[in-house]
Engineer: 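Encoded as structure tokens, here's the structure I'll be asking about.
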Amino acid sequence: AIVAVLLIAGITTATVILCRGKSYEKVIEEFLDAGFTNDVESVLNLMPDEFVSQLMQEYGYSPSERYKFILELSNTPKNIVNTLTDTYGENWDYSYEIDTVIDIPEQELQKALLDLKSHFSSQLNFDNITHLKGVYFTIHIESENGNESMPMGLLLGKIDGSWYVLKGL
């Protein structure tokens, strides 16, 4: 019985350690996959809760109305999936490549956080952000109606060992 308890404890600990932190590459991949499938909830899960709460307030939703907020954003006629389908037809696909990654040096972190804070209307707590990273990538859209490439960038912040999307660049 003790061996079983130790085995379960070891598996649980290993699972927590393996699942704890997401790399910035994984966050970019999940963000794009969610965006290109109109999975609003997954996009919001890649953002810090405080940022999502502020975004909801700006749209007139209270924290208890998260489900309604997600539904509204999912059903917006001009969501990315509808726009791409209107432009490229039903058979389009995307790929991406990371071009440049800029680590914000520790000595510049506070200045960068103050700059970030100026982009938000309410007072958010930035004390739990320990690292910032600018990630620039190119998205490639391929379809029967043509191909297109577009640059994009995201500012990511590390909170409690995981990377989160903070804003577009």
Engineer: Quick check: closest heavy atoms across V81 and G35, and the distance to 0.1 Å?
Structural biologist: CG2-O, 4.1 Å
Engineer: Is there side-chain contact between F31 and M152, with at least one heavy-atom pair below 4.5 Å?
Structural biologist: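 Yes; the side chains approach each other to less than 4.5 Å.
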Engineer: Examine F69 and I80 and state if one hydrophobic cluster contains both, with Ile, Leu, Val, Met, Phe, Trp and Tyr joined whenever side-chain heavy atoms are less than 4.5 Å apart.
Structural biologist: yes
Engineer: Atom CD of E142 and atom CD of E148: how far apart are they, to the nearest 0.5 Å?
Structural biologist: 12.0 Å
Engineer: What distance do F51 atom CZ and L46 atom CG have between them, rounded to the nearest 0.5 Å?
Structural biologist: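 Taking CZ in F51 and CG in L46, the distance rounds to 13.5 Å.
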Engineer: Would you say the side chain of L156 lies within less than 4.5 Å of the side chain of I28, judging by non-hydrogen atoms?
Structural biologist: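 The answer is yes; the side chains approach within 4.5 Å.
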Engineer: Drop me the distance from L32's CG to I139's CD1, to the nearest 0.5 angstrom.
Structural biologist: 5.0 Å
Engineer: Other residues, nucleotides and ligands only: do more than 12 of their heavy atoms fall within 6.0 Å of NZ on K167?
Structural biologist: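 It does: K167 NZ has more than 12 such atoms within range.
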Engineer: Quick one, F36 with I141, criterion side-chain contact (heavy atoms from CB on, under 4.5 Å). Give me CA distance, side-chain angles, the key distance, then yes/no.
Structural biologist: CA-CA 11 Å; F36 282 109; I141 305 293; 3.9 Å; yes
Engineer: Can you check whether K133 reaches K158 side chain to side chain, under 4.5 Å on heavy atoms?
Structural biologist: no
Engineer: With side-chain contact (heavy atoms from CB on, under 4.5 Å) as the test, would you mind laying out the steps for E72 and V40 before giving the verdict?
Structural biologist: CA-CA 10 Å; E72 180 184 325; V40 174; over 6 Å; no
Engineer: State, to 0.1 Å, how close G153 and Y136 come at their nearest heavy-atom pair, and which atoms those are.
Structural biologist: CA-CD2, 4.0 Å
Engineer: For residues 29-40, which residue pairs qualify under side chain to side chain donor-acceptor pair (under 3.5 Å), counting only residues two or more places apart or in two chains?
Structural biologist: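 Qualifying pairs, neighbours excluded: K22-E30, D33-Y94, D39-S42.
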Engineer: What's the spacing between S162 OG and K26 NZ if we round to 0.5 Å?
Structural biologist: 12.5 Å
Engineer: Report yes or no: does E65 contribute a side-chain atom to a donor-acceptor pair with the main-chain N or O of S62 at less than 3.5 Å?
Structural biologist: yes
Engineer: Please answer whether the main-chain N or O of K111 pairs with a side-chain N or O of D115 as donor and acceptor at a distance below 3.5 Å.
Structural biologist: no
Engineer: Under 4.5 Å between any side-chain heavy atoms of W163 and E25, yes or no?
Structural biologist: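 Contact flag for W163/E25 side chains = no.
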Engineer: Any non-hydrogen side-chain atom of P48 less than 4.5 Å from a side-chain atom of I159?
Structural biologist: yes
Engineer: Measuring only between side-chain heavy atoms, which start at C-beta, is L154 closer than 4.5 Å to F137?
Structural biologist: yes
Engineer: Return the CD1 to CG distance between I102 and L132, rounded to the nearest 0.5 Å.
Structural biologist: 12.0 Å
Engineer: List the atom of V101, the atom of Y24, and the distance in Å for their closest heavy-atom pair.
Structural biologist: CG2-OH, 3.5 Å
Engineer: In terms of heavy-atom contacts, does CD of E97 have more than 12 from other residues, nucleotides or ligands at under 6.0 Å?
Structural biologist: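 Counting neighbours around CD of E97, more than 12 heavy atoms of other residues, nucleotides or ligands fall under 6.0 Å, so yes.
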Engineer: Could you give me the CA-CA distance, side-chain angles and deciding distance for Q54 and E50, then say whether side chain to side chain donor-acceptor pair (under 3.5 Å) is met?
Structural biologist: CA-CA 6 Å; Q54 179 182 330; E50 287 182 75; over 6 Å; no
Engineer: Which of these, T85, N147, T87, sits in a side-chain hydrogen bond (donor to acceptor under 3.5 Å, both in side chains) with W92?
Structural biologist: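 Testing each of T85, N147, T87 against W92, the sole residue satisfying side-chain hydrogen bond (donor to acceptor under 3.5 Å, both in side chains) is T85.
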Engineer: With heavy-atom distances below 4.5 Å as the criterion, would you say the side chains of L44 and L55 are in contact?
Structural biologist: yes
Engineer: Step through the shown structure and confirm whether more than 12 heavy atoms of other residues, nucleotides or ligands are within 6.0 Å of CD on E90.
Structural biologist: no
Engineer: Go through the steps to decide whether L166 and I129 satisfy the test side-chain contact (heavy atoms from CB on, under 4.5 Å), and finish with yes or no.
Structural biologist: CA-CA 10 Å; L166 302 179; I129 299 174; 4.1 Å; yes
Engineer: Under the 3.5 angstrom rule, does the side chain of N91 hit a backbone N or O of E144 as a donor-acceptor pair?
Structural biologist: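 Side chain of N91 to backbone of E144: no pair is present.
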Engineer: Rounded to the nearest 0.5 Å, what's the gap from CG on D49 to CE on M56? Could you check?
Structural biologist: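 The distance works out to 10.5 Å.
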